[in-house]
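Some notes on the structure that comes next.
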Protein chains: 2
Amino acid sequence: MSIVRPWNVPNQNHKRVTLHDVARHVGVSKSTVSLVLQDSPSVSDKTRERVLRGIDEIGYVYNRKAAALRQHQQDGLMGVIVNGLNTPYSGEILNQLEQVALAGGIVPMFASSGERLEQQEKLVRLYMEHKVAGFILCPVPGTTSSVLDKIWRNGFPLVQLMREVPFGQFPAVVADNRAGTYAATRHLIGLGHKHIAFVGGREDISDYHERVAGYRDAMNEARLSMPSGYVYPIPQSRAAGRQALKAVLDYDARISAVVCFSDLMAYGVLSMSRELGITVGRDLAVVGFDDLVDSRLTYPALTTVRVSTADFARSAMELLQLYIRDQQAPLERRVLPVTLVTRESCGAPQS
Amino acid sequence: MSIVRPWNVPNQNHKRVTLHDVARHVGVSKSTVSLVLQDSPSVSDKTRERVLRGIDEIGYVYNRKAAALRQHQQDGLMGVIVNGLNTPYSGEILNQLEQVALAGGIVPMFASSGERLEQQEKLVRLYMEHKVAGFILCPVPGTTSSVLDKIWRNGFPLVQLMREVPFGQFPAVVADNRAGTYAATRHLIGLGHKHIAFVGGREDISDYHERVAGYRDAMNEARLSMPSGYVYPIPQSRAAGRQALKAVLDYDARISAVVCFSDLMAYGVLSMSRELGITVGRDLAVVGFDDLVDSRLTYPALTTVRVSTADFARSAMELLQLYIRDQQAPLERRVLPVTLVTRESCGAPQS
DNA sequence: TAATAAATTTGGAACGATCCAAATTAAATC
DNA sequence: GATTTAATTTGGATCGTTCCAAATTTATTA
């Protein structure tokens with residue numbers, strides 16, 4: 001396993017301006033310049049001023065690699081691995097994470113696993129080589145706790161985002177999935193629906209089971225029957241949503257409501273409804289999950305379960321920061337609250 | 001200007017396994033281990049084998065920082081700064097860029113400027129401190145060529161993506177914006193429209209002017225009049241699209257077609273049309289720009305100008321690689337071809 | 001087998017910052 | 001002005017690699 005060489009880069013000739021150069025230019029020692037950089041109180045205002053000016057004059061750029069080398073490890077990078085860069089929900093989370101991270105002086109490195117185990121592994125290794133301070137990770141289905149354990153034991157703290165590895169003892173920030181679909185399903189039941197399907201999600205990911213459980217809770221509570229064909233798992237995408245609607249209606253034409261694993265799935269359901277001549281909000285009720293920004297502008301506007309992406313980001317960063325400070329800190333698992341936001345897609349009066 | 005400290009991280013105690021440890025464990029010199037890592041041909045198969053095993057046994061992780069320090073500079077990072085992480089178009093580009101980059105052994109660092117100059121500047125400085133090999137940058141409106149010049153003169157090659165700084169002599173990859181809106185407008189004219197508006201875009205960004213120019217070209221060619229209110233620039237978002245439609249219809253109720261600066265704007269236009277009881281495809285023709293994945297599933301499906309995000313990514317990386325190899329390489333500016341994809345939103349038969 | 005050539009392996013000097021203890025300078029006290 | 005004390009400044013040693021010239025081992029040839 002030899003190292004990956006980034007392209008074929010000629011050893012850069014461009015002579016680097018170093019701390020030493022600044023020192024010489026200003027006429028002090030390199031130690032002094034270093035002290036100024038980390039604004040130590042033990043340097044006089046006069047010299048600080050002079051050094052600062054000198055830095056500007058010769059265009060010095062701080063070298064974090066050299067610094068990190070000396071001060072044993074990390075230089076303010078953080079690895080964030082999500083399932084996809086171009087899925088709308090990830091986009092919103094990334095955006096939030098970036099803001100929180102930069103505010104804390106941390107530079108996030110985002111990447112997507114594409115739901116592929118070997119890609120995830122490759123990224124993890126690469127990021128470890130770059131000595132990230134820690135990982136925020138949305139584990140690919142099939143990730144074993146031994147994979148996470150290897151990361152952790154190498155000295156890299158990690159927090160799981162959105163999903164969890166089964167039986168693993170690692171920090172995580174997840175939505176209250178069960179409560180979300182429970183509320184959604186209850187809402188539909190309250191509107192008089194009797195035949196309610198659940199579509200989308202992958203059976204090998206933790207959040208799927210939680211969301212199905214919430215749906216089942218509500219259905220059982222109302223003593224409504226759920227034949228096997230009412231639950232239709234499928235990896236999420238708009239296209240899958242289209243397919244799923246067709247599948248459940250084929251199974252039982254009486255189905256008058258579907259709770260979707262995600263908004264993305266719901267978009268597909270909406271699209272297929274149009275194609276089948278079904279009017280959503282009247283003939284069919286649809287609930288999503290996530291509350292993407294698009295969801296208030298779909299036609300009809302989508303009733304959905306909201307999870308705050310800002311909360312996700314903030315909680316994840318807080319936890320990660322905790323474990324970076326102290327890897328031995330007690331294990332914490334945060335469950336974020338969800339709220340049902342009713343719009344037009346269920347035909348109910350808007351909230 | 002003192003350096004930004006990433007949180008308050010205790011000097012990591014976790015004893016690092018170094019190349020030296022591997023050497024001692026295997027019983028060779030550190031130089032040999034280093035040679036194995038870079039799979040040099042001058043090491044015998046037997047020792048290579050032994051070293052590789054040793055690396056596994058004691059769980060060594062390559063330290064790119066140390067390496068980069070010695071080999072004068074970069075360690076395979078690349079800075080990518082786009083305008084937003086959560087805009088659909090960026091998501092698609094990021095996704096493509098990541099794939100191309102990783103395939104080349106480069107780890108991309110994505111960030112968003114949020115269209116704010118000072119944020120862009122901060123990111124650039126941060127990335128320079130991390131010694132990225134180069135930048136791919138979608139310049140914030142208002143970016144002067146002197147800003148880019150500073151980056152370039154510091155030894156960091158850069159390629160502009162999607163937009164260009166005025167009068168700057170820097171490499172760029174842009175879409176053939178003018179041809180795109182020209183084709184879109186001609187399409188509408190061909191369908192018999194006489195009152196055609198152009199909505200969206202910021203006047204301080206290069207692509208806006210190009211797209212408006214394409215629209216004007218077609219209008220002039222057909223001798224159609226364009227009173228000032230027909231062109232309605234506004235920073236893009238769905239909400240802006242809604243507002244824009246209202247504005248142009250207020251200005252002239254005869255307007256029967258709008259070419260939008262982007263698909264995102266078009267989504268807003270679609271949404272507002274519904275609200276106003278206007279049937280798109282019959283009463284109003286709408287054309288977008290970008291061809292987001294969503295655009296084939298909107299209602300009605302959006303006619304739009306496609307620019308391949310894969311082409312964008314590949315071209316940008318090729319150029320960057322070129323300049324990383326040789327900063328003196330002749331200036332290149334790539335204009336990517338566009339194609340009009342006709343769907344339902346103009347009422348024309350689908351292509 | 002000795003001499004030569006080729007193939008491997010190796011120690012030590014970088015790289016550019018930080019940290020520490022020691023040296024210098026300035027301020028405060030007698 | 002001499003001492004003590006506090007405030008600044010400073011030279012090395014160090015972090016974990018790579019690179020180089022030199023040393024060692026192995027293979028080839030006379």
Side-chain angles (χ1 to χ4, degrees), chain A residues 2-3 5-6 9-24 26-51 55 58 60-76 128-131 155, chain B residues 2-3 5-6 9-24 26-51 55 58 60-76 128-131 155:
Chain A
S2 66
I3 59 185
R5 281 251 161 266
V9 180
N11 281 5
Q12 232 149 354
N13 40 3
H14 191 267
K15 197 63 183 149
R16 184 74 187 285
V17 179
T18 86
L19 205 156
H20 206 109
D21 297 325
V22 177
R24 203 171 34 226
V26 178
V28 296
S29 79
K30 61 188 167 47
S31 308
T32 306
V33 181
S34 176
L35 289 175
V36 170
L37 249 14
Q38 357 188 2
D39 43 28
S40 150
S42 76
V43 53
S44 77
D45 289 351
K46 190 154 46 81
T47 34
R48 178 194 312 284
E49 163 90 24
R50 272 197 309 145
V51 169
I55 286 177
I58 64 174
Y60 164 77
V61 180
Y62 184 63
N63 184 341
R64 279 177 194 273
K65 293 191 197 319
L69 184 55
R70 180 61 231 266
Q71 53 188 175
H72 241 237
Q73 315 270 50
Q74 74 108 342
D75 60 348
M128 292 205 300
E129 290 180 356
H130 280 290
K131 286 279 100 51
Chain B
S2 67
I3 58 186
R5 280 249 163 267
V9 181
N11 280 5
Q12 232 148 355
N13 41 1
H14 192 268
K15 196 62 181 151
R16 185 77 186 284
V17 179
T18 85
L19 206 158
H20 207 109
D21 297 325
V22 177
R24 202 171 33 228
V26 178
V28 295
S29 78
K30 62 187 165 47
S31 309
T32 306
V33 180
S34 176
L35 288 175
V36 170
L37 249 14
Q38 347 184 14
D39 46 25
S40 149
S42 77
V43 52
S44 76
D45 290 349
K46 188 153 47 81
T47 34
R48 177 193 315 285
E49 164 90 23
R50 269 196 312 144
V51 169
I55 286 178
I58 63 175
Y60 164 79
V61 180
Y62 184 62
N63 184 340
R64 276 176 197 275
K65 291 187 203 318
L69 183 55
R70 180 61 232 262
Q71 53 189 172
H72 240 240
Q73 315 274 50
Q74 73 108 348
D75 61 347
M128 291 205 301
E129 291 179 357
H130 280 290
K131 285 281 101 53

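Convention: sequence-line order gives letters A, B, ...; per-chain numbering from 1.
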Next on the checklist: In whole Å, I'd like the distance from the NE2 atom of B:His20 to the C1' atom of D:dG16.
Outcome noted: 11 Å
Checklist entry - Counting any heavy atom closer than 4.0 Å, what does B:Thr32 reach on the DNA or RNA strands: base, sugar-phosphate only, or nothing? => result base
Checklist outcome for this item: Taken to the nearest whole Å, CG/A:Leu69 to P/C:dC15 is 14 Å
Next on the checklist: Among D:dT18, D:dT17, D:dT9, which nucleotide has an atom closest to any side-chain atom of B:Gln38?
Outcome noted: D:dT18
Checklist entry - Counting side-chain heavy atoms from CB outward, which of C:dG16, D:dG16, C:dT9 is closest to B:Thr47? => result C:dT9
Item to check | Side-chain-base donor-acceptor pair under 3.5 Å for B:Arg70 and D:dT17 | outcome: no
Checklist entry - What nucleotide among D:dT10, C:dT8, C:dG16 has an atom nearest to a side-chain atom of A:Thr18? => result C:dG16
Checklist entry - Rounding to a whole Å, what distance do you find between A:Tyr62:OH and C:dG16:C1'? => result 10 Å
Checklist entry - More 5' along DNA chain C: A:Ser34 or B:Val43, using each one's nearest nucleotide? => result B:Val43
Next on the checklist: Rounding to an integer number of Å, can you tell me how far A:Arg48 CZ sits from D:dT8 P?
Outcome noted: 10 Å
Next on the checklist: Between D:dG11 and A:Ser31, counting only base atoms on the nucleotide and side-chain atoms on the residue, is there a donor-acceptor pair under 3.5 Å?
Outcome noted: yes
Checklist entry - Counting only N and O atoms by type, is there a donor-acceptor contact under 3.5 Å from the side chain of B:Lys65 to the main-chain atoms of A:His130? => result yes
Checklist entry - Looking at side-chain heavy atoms only, is the closest gap between B:Thr18 and B:Asp21 below 4.5 Å? => result yes
Checklist entry - Which listed nucleotide (D:dG11, D:dG16, C:dT9) is nearest to the side chain of B:Ser42? => result C:dT9
Next on the checklist: Main chain of B:Leu35, side chain of B:Arg48: is a donor-acceptor contact present, judged purely on distance under 3.5 Å?
Outcome noted: no
Item to check | Closest approach of A:Val43 to A:Ser40 (non-hydrogen atoms, all atoms of both residues) | outcome: CG1-O, 3.2 Å
Checklist entry - Between A:Leu19 (CG) and D:dT10 (P), how many Å, whole number? => result 13 Å
Item to check | Interatomic distance, A:Arg24 CZ vs D:dT10 C1' [rounded to whole Å] | outcome: 16 Å
Checklist entry - Quick one: is C:dT8 close enough that its OP1 or OP2 comes under 4.0 Å of any side-chain N or O from B:Ser44? => result no
Checklist entry - Nearest-Å distance, CG (A:Leu35) to P (C:dT18)? => result 9 Å
Checklist outcome for this item: Whole-Å distance, A:Lys131 NZ to D:dG16 C1', equals 10 Å
Next on the checklist: I want to check something: taking the side chain as every heavy atom from C-beta on, are B:Ile55 and B:Leu37 in contact at a cut-off of under 4.5 Å?
Outcome noted: yes
Checklist entry - Does A:Lys65 get its side chain close enough to the base of D:dG16, under 3.5 Å, for a donor-acceptor pair? => result no
Item to check | Residue B:Lys30, side-chain atoms from C-beta onward, closest of D:dT9, D:dG12, D:dT17 | outcome: D:dT17
